[in-house]
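Here, residue 1 is the first one in the sequence, and each next residue gets the next number. Remember, predicted model here, so these are calculated numbers, not experimental data.
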Amino acid sequence: MPKFSIIIPVYNVEKYIKKCLDSVFNQTYKDFEVIVVNDGTPDNSMDIVKKYDVKIIEQKNQGQSAARNNGIKKASGEYLIFLDSDDYWRKDLLKEINKSLKNNPDVVRFQMQEIYEGQDGILEHNEKGFSGLNGVDAFTEICKYRIVDAACPYAIKRDYWNKNKFAFKQGMVHEDYGLIPLIIIKANVVNSIEYIGYNYVQRPMSTMNNKDYDKVKKKVSDMFEHYKYLVSEINKTKLDSKVFKSFAANSAILKICELKGKDYKEFKKKLKEEKVYDNLLVDTLPRKIKKQFLKISPKLFYKLTK
């Protein structure tokens, strides 16, 4: 059994996939398998992929969630790691993750840096590491930082994944937000290492950066559905969920600010009906003020606090 199963969905990335795969096969730690899921890509990406020693799964175009879920089914590694096919790693990432596995964690977090295509400069995300925290305490620590719910900066024990029957929601965007917070908070042992090993490439027309307004509306709608699912699932546990629910609520409230006019007003009403604002933390005076401000006008609040 390999230590790591690296799952890479592929769709329209012939410009990027070689750099992505080279960054994996140039790792200083070599005990891994690579599972590439061809999500019905119409370009020449798979011609490049076939030059590498990888497992290939073929599927009709169903999106990243389905691709990841299908990749997991074929994985045999002790830990699962998700790598987007337009991103790439630093060469010691797997070595650094492996060094953190002595306490048998369910989840290991590592760090990312954002690289903006066509622009100079790199935005590093530096975090203070920790070891051996339970899921609730780990989630509280991770929430102090910027990128919380992306799937890519985590190694997740496959047995833990399967035991909990985790799966990405298919046919929806923001699928990471709808799952990763639960994976963190339900874990028995979580580590976070300070190594910045993931290069997160920001492309102007990627799924998350696409500004088509119909797609914006779908992203907001999907985010709202994920929010309801997260709250429903955490309510089934006996875990301390105050920080978890506040994170979920803040994310949903911020997302509706991408809407315009009537759409914004309608979703603002939905948030009130769903009592989203009730889940915001109010344990300090600034948070109490923030909650009241957000209930009045999320757009104005975020405009003034940029």
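Here the rule is side chain to side chain contact (heavy atoms under 4.5 Å, CB included) with Ile8, and of Val37, Leu83, Val13, Ile81 only Leu83 fits it. Checking Glu141, Glu127, Glu96 one by one against Arg109, the salt bridge (Lys or Arg N to Asp or Glu O under 4.0 Å) holds for a single residue, Glu127.
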Please evaluate residues Glu266 and Lys269 with respect to the criterion salt bridge (Lys or Arg N to Asp or Glu O under 4.0 Å), reporting the C-alpha separation (whole Å), side-chain torsions for both, the decisive distance (0.1 Å), and the verdict.
CA-CA 5 Å; Glu266 286 180 356; Lys269 183 179 178 181; over 6 Å; no
Begin with the C-alpha distance, continue with both residues' side-chain angles, and end with the deciding distance and a verdict on side chain to side chain contact (heavy atoms under 4.5 Å, CB included) for Val24 and Tyr88.
CA-CA 8 Å; Val24 175; Tyr88 57 99; over 6 Å; no
Test side chain to side chain contact (heavy atoms under 4.5 Å, CB included) on Lys299 and Glu258; report intermediate values, then the result.
CA-CA 9 Å; Lys299 274 193 174 183; Glu258 297 179 20; over 6 Å; no
Stepwise side chain to side chain contact (heavy atoms under 4.5 Å, CB included) check, Ile35 with Val54
CA-CA 6 Å; Ile35 301 171; Val54 302; over 6 Å; no
Worked check of side chain to side chain contact (heavy atoms under 4.5 Å, CB included) between Ile17 and Ser85
CA-CA 6 Å; Ile17 189 61; Ser85 50; 3.8 Å; yes
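At a cut-off of 3.5 Å, with distance as the only test, no side-chain donor of Tyr198 or Glu114 sits close to an acceptor on the other residue. At a cut-off of 3.5 Å, with distance as the only test, a side-chain donor of Thr28 or Asp92 sits close to an acceptor on the other residue. There is no side-chain donor-acceptor pair under 3.5 Å between Asn126 and Glu194. With no hydrogens or angles considered, a side-chain donor-acceptor pair links Gln170 and Asn69 at under 3.5 Å. Counting only N and O atoms by type, the side chains of Glu175 and His226 include no donor and acceptor under 3.5 Å apart. Side-chain contact, Asn191 with Asn103: a donor N or O sits under 3.5 Å from an acceptor N or O. Side-chain atoms of Asp22 and Tyr52 form a donor-acceptor pair, as typed in the model, at a separation below 3.5 Å. A donor atom on one side chain and an acceptor atom on the other are found under 3.5 Å apart for Ser5 and Glu33.
In this structure, CD1 on Ile115 lies 9.5 Å from CD on Gln202, to the nearest 0.5 angstrom.
A salt bridge links Arg287 with Asp283: the closest approach of a Lys/Arg side-chain nitrogen to an acidic carboxylate oxygen falls below 4.0 angstrom. Between Glu273 and Lys270 there is no salt bridge, since no side-chain N of the basic residue sits under 4.0 Å from a carboxylate O of the acidic one. With respect to Asp176 and Arg68, a salt bridge is recorded, a charged nitrogen being found less than 4.0 Å from a carboxylate O. Lys218 and Asp214 are not joined by a salt bridge, as no carboxylate oxygen comes within less than 4.0 angstrom of a charged side-chain nitrogen. Between Lys242 and Asp240 there is a salt bridge, since at least one side-chain N of the basic residue sits less than 4.0 Å from a carboxylate O of the acidic one.
Figure legend: Lys3 and Tyr79 shown without cation-pi pairing, the cationic atom not lying both under 6.0 angstrom from the six-membered ring centre and within 45 degrees of its axis. For the pair Lys255 and Phe224, the cation does not sit on the ring face, since its NZ or CZ is not both under 6.0 Å from the ring centre and inside 45° of the axis.
Between Tyr195 and Phe110, the gap from one ring centroid to the other reaches at least 6.0 Å. Residues Tyr200 and Tyr116 place their aromatic rings such that the two centres sit no closer than 6.0 Å.
When all heavy atoms of Ala75 and Arg158 are compared, the pair lying nearest together is O-NH1, 3.4 Å.
Looking at residues two or more places apart in sequence or on another chain, you find no salt bridge (Lys or Arg N to Asp or Glu O under 4.0 Å) involving Asp87.
Cluster annotation: Leu300 and Leu280 are assigned to the same hydrophobic cluster (Ile/Leu/Val/Met/Phe/Trp/Tyr, side-chain heavy-atom contacts under 4.5 Å, transitive). Cluster membership check: Phe247 shares its hydrophobic cluster with Phe301, using side-chain heavy-atom separations under 4.5 Å among Ile, Leu, Val, Met, Phe, Trp and Tyr. When hydrophobic clusters are built by joining Ile, Leu, Val, Met, Phe, Trp and Tyr residues whose side-chain heavy atoms come closer than 4.5 Å, directly or via intermediates, Val282 is not grouped with Leu294. In terms of hydrophobic clustering, with Ile, Leu, Val, Met, Phe, Trp and Tyr side chains grouped at heavy-atom distances under 4.5 Å, Ile183 and Met172 are assigned to different clusters. Tracing side-chain contacts under 4.5 Å through hydrophobic residues (I, L, V, M, F, W, Y), one never reaches Ile180 starting from Tyr145; they form parts of separate clusters.
Residues Lys290 and Thr305 form no side-chain contact, since every pair of their non-hydrogen atoms from C-beta on lies 4.5 Å or further apart. With contacts defined as side-chain heavy-atom distances shorter than 4.5 Å, the pair Ile234/Tyr229 does not qualify. With a 4.5 Å cut-off on side-chain heavy atoms, Ile56 and Val49 count as touching. Counting only heavy atoms from C-beta outward, the side chains of Gln113 and His125 never approach each other to under 4.5 Å. In this structure the side chain of Pro298 reaches within 4.5 angstrom of the side chain of Ile253, judged on heavy atoms. You'll find the side chain of Leu80 stays beyond 4.5 Å of the side chain of Phe4, heavy atoms only.
Not a single donor-acceptor pair under 3.5 Å links the side chain of Asp84 to the backbone N or O of Asp86. In this structure, the side chain of Gln27 engages the main chain of Ser23 through a donor-acceptor pair within 3.5 Å.
Note: Phe82 and Trp161 have tilted aromatic rings, judged against thresholds of 30 and 60 degrees for the angle between ring planes.
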